[in-house]
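Indexing begins at 1, ligand by ligand and atom by atom, following the structure's order.
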Amino acid sequence: MKFKFLKITTLSAAIMIGGFAQTATSHTGAMGIIKERMDNMVIMGKALGAVADMLKGKRDFDAGVVSQTGDVLIQHSKTMGSLFPDTEESRLGKYSAALPVVWEKNDEFLALAKSLEEKAEILKTVASGGDLKMIKVAFGQTAKTCSACHADFRKKKD
Ligand code: HEC
């Protein structure tokens, strides 16, 4: 029962990651800091997507790739705050999907970035243990943190 739930969570997380990758090409006109943060988000999406593919059996399991994904996410969650400065360009830049609430509730936004860093640390730690079940749980928690932030701080797609 517990395992079943875990499987569903992991799968829906994997589907969400698929959705992230799709948005990757739709913002070719973005510039400056908007482009920079979008690019970083896309890099995270791809890194997490590689793990999703492993969990879906689309690609061979490789603990090294899971660990690298952890590193990529740790690195980008650390710099995330600095890519959403409270400037006119950052708030009103063309093609940005960031909502004003990013700056209105900046503490919450930064806390979610920090939480992503922590989840990515766990993912990296369990990767070296090679226990697939633990990796699935850590993956699910990580992907949930991406979605939690997007749910509140990013514009919904039409
Ligand atoms: C703390 C909040 C937060 C976290 C955590 C977060 N994101 Fe984002 N993400 C955003 C915001 C805000 C945007 C919109 C940025 C913009 O358009 O200016 C975004 C945009 C994106 C985009 C679209 C980029 C584009 O080209 O338009 C992708 C892909 C993405 N995030 C993937 C991820 C993944 C994968 C994770 C987790 C590993 C993640 N994000 C974690 C806030 C977050």
Side-chain angles (χ1 to χ4, degrees), residues 9-56 58-59 62 64-127 134-158:
T9 315
T10 308
L11 189 67
S12 51
I15 291 162
M16 281 164 3
I17 302 301
F20 290 157
Q22 273 167 18
T23 41
T25 48
S26 54
H27 299 288
T28 38
M31 289 184 303
I33 196 134
I34 311 285
K35 175 157 176 33
E36 206 182 321
R37 70 195 180 204
M38 282 175 172
D39 287 349
N40 281 359
M41 291 282 176
V42 170
I43 290 167
M44 291 202 298
K46 285 190 178 145
L48 209 51
V51 180
D53 283 350
M54 275 177 213
L55 298 179
K56 285 189 281 185
K58 277 196 188 172
R59 145 181 200 161
D62 182 342
V65 172
V66 181
S67 176
Q68 277 166 23
T69 293
D71 279 330
V72 168
L73 302 192
I74 291 164
Q75 188 196 331
H76 288 298
S77 50
K78 276 189 205 291
T79 55
M80 201 182 285
S82 67
L83 293 175
F84 289 87
D86 192 357
T87 62
E88 204 180 315
E89 186 202 1
S90 172
R91 277 184 176 239
L92 305 172
K94 226 176 168 183
Y95 304 115
S96 176
L99 291 170
V101 70
V102 168
W103 298 279
E104 289 157 10
K105 294 187 177 171
N106 199 244
D107 288 355
E108 279 178 38
F109 181 79
L110 295 177
L112 274 165
K114 185 74 195 164
S115 171
L116 179 62
E117 186 186 334
E118 287 161 8
K119 300 291 172 359
E121 289 277 6
I122 295 170
L123 184 64
K124 195 185 161 184
T125 307
V126 297
M134 287 179 84
I135 292 172
K136 278 185 180 173
V137 174
F139 169 85
Q141 294 291 318
T142 306
K144 256 198 230 164
T145 313
C146 311
S147 314
C149 190
H150 294 158
D152 289 344
F153 294 97
R154 186 173 71 160
K155 279 179 206 159
K156 309 275 169 295
K157 273 173 272 168
D158 314 315

Proximal ligand 1 atoms for [X], defined as those under 4.0 Å from one of its heavy atoms:
| X | answer |
| --- | --- |
| Cys149 | 1 (C), 2 (C), 3 (C), 4 (C), 5 (C), 42 (C), 43 (C) |
| Met44 | 35 (C), 36 (C), 39 (C), 40 (N), 41 (C) |
| Ala98 | 14 (C), 16 (C), 17 (O), 18 (O) |
| Ala113 | 1 (C) |
| Phe153 | 12 (C) |
| Arg37 | 16 (C), 18 (O) |
| Gly45 | 35 (C) |

Query raised in the report: Can a salt bridge be assigned to the pair Glu117 and Lys114 using a cut-off of 4.0 Å between side-chain N and carboxylate O?
Result: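 Answer for the salt bridge query: yes.
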Contact between [X] and [Y] at the side-chain level, heavy atoms closer than 4.5 Å - yes or no?
| X | Y | answer |
| --- | --- | --- |
| Asn40 | Met80 | no |
| Met31 | Lys94 | no |
| Lys46 | Val72 | no |

**Report entry** Parallel, tilted or perpendicular: rings of Phe153 and Phe109 (30°, 60°)
**Finding:**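 Geometry flag for Phe153 against Phe109: perpendicular rings.
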Query raised in the report: Counting heavy atoms only, which of Ser90, Ala111, Ser96 comes nearest to atom 16 (C) of ligand 1?
Result: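 Minimum heavy-atom distance to atom 16 (C) of ligand 1 goes to Ser96.
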Report task. Determine, considering heavy atoms only, which of Arg91, Met41, Arg154, Lys94 sits nearest to atom 43 (C) of ligand 1. Result ->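 Checking each option, the heavy atom nearest atom 43 (C) of ligand 1 is found in Met41.
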Query raised in the report: Are Ser96 and Arg37 close enough, and set up right, to give a side-chain contact (heavy atoms from CB on, under 4.5 Å), and what steps lead you there?
Result: CA-CA 10 Å; Ser96 176; Arg37 70 195 180 204; 3.0 Å; yes
Query - atom 8 (Fe) of ligand 1 reached by His150 (N, O or S, under 2.8 Å) - result: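 For His150, the answer is yes, given that an N, O or S atom comes within less than 2.8 Å of atom 8 (Fe) of ligand 1.
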Query raised in the report: Any N/O of Val102 closer than 3.5 Å to an N/O of ligand 1?
Result: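 Between Val102 and ligand 1 (N or O atoms, distance only) the closest approach is not under 3.5 Å.
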Requested in this report: Taking side chain to side chain donor-acceptor pair (under 3.5 Å) as the test, write out the residues that go with Asp39, two or more places apart.
Outcome: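 Once residues adjacent in sequence are excluded, the partners of Asp39 under the side chain to side chain donor-acceptor pair (under 3.5 Å) criterion are Lys35.
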Query raised in the report: For ligand 1, which part of Phe84 has a heavy atom less than 4.0 Å away: the side chain, the backbone, both, or neither?
Result: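 Phe84 to ligand 1: side-chain contact only, backbone stays beyond 4.0 Å.
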Report task. Determine the sole option in Lys78, Gln141, His76, Met44 for which the side-chain contact (heavy atoms from CB on, under 4.5 Å) test with Leu116 is passed. Result ->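 The option that passes is Met44.
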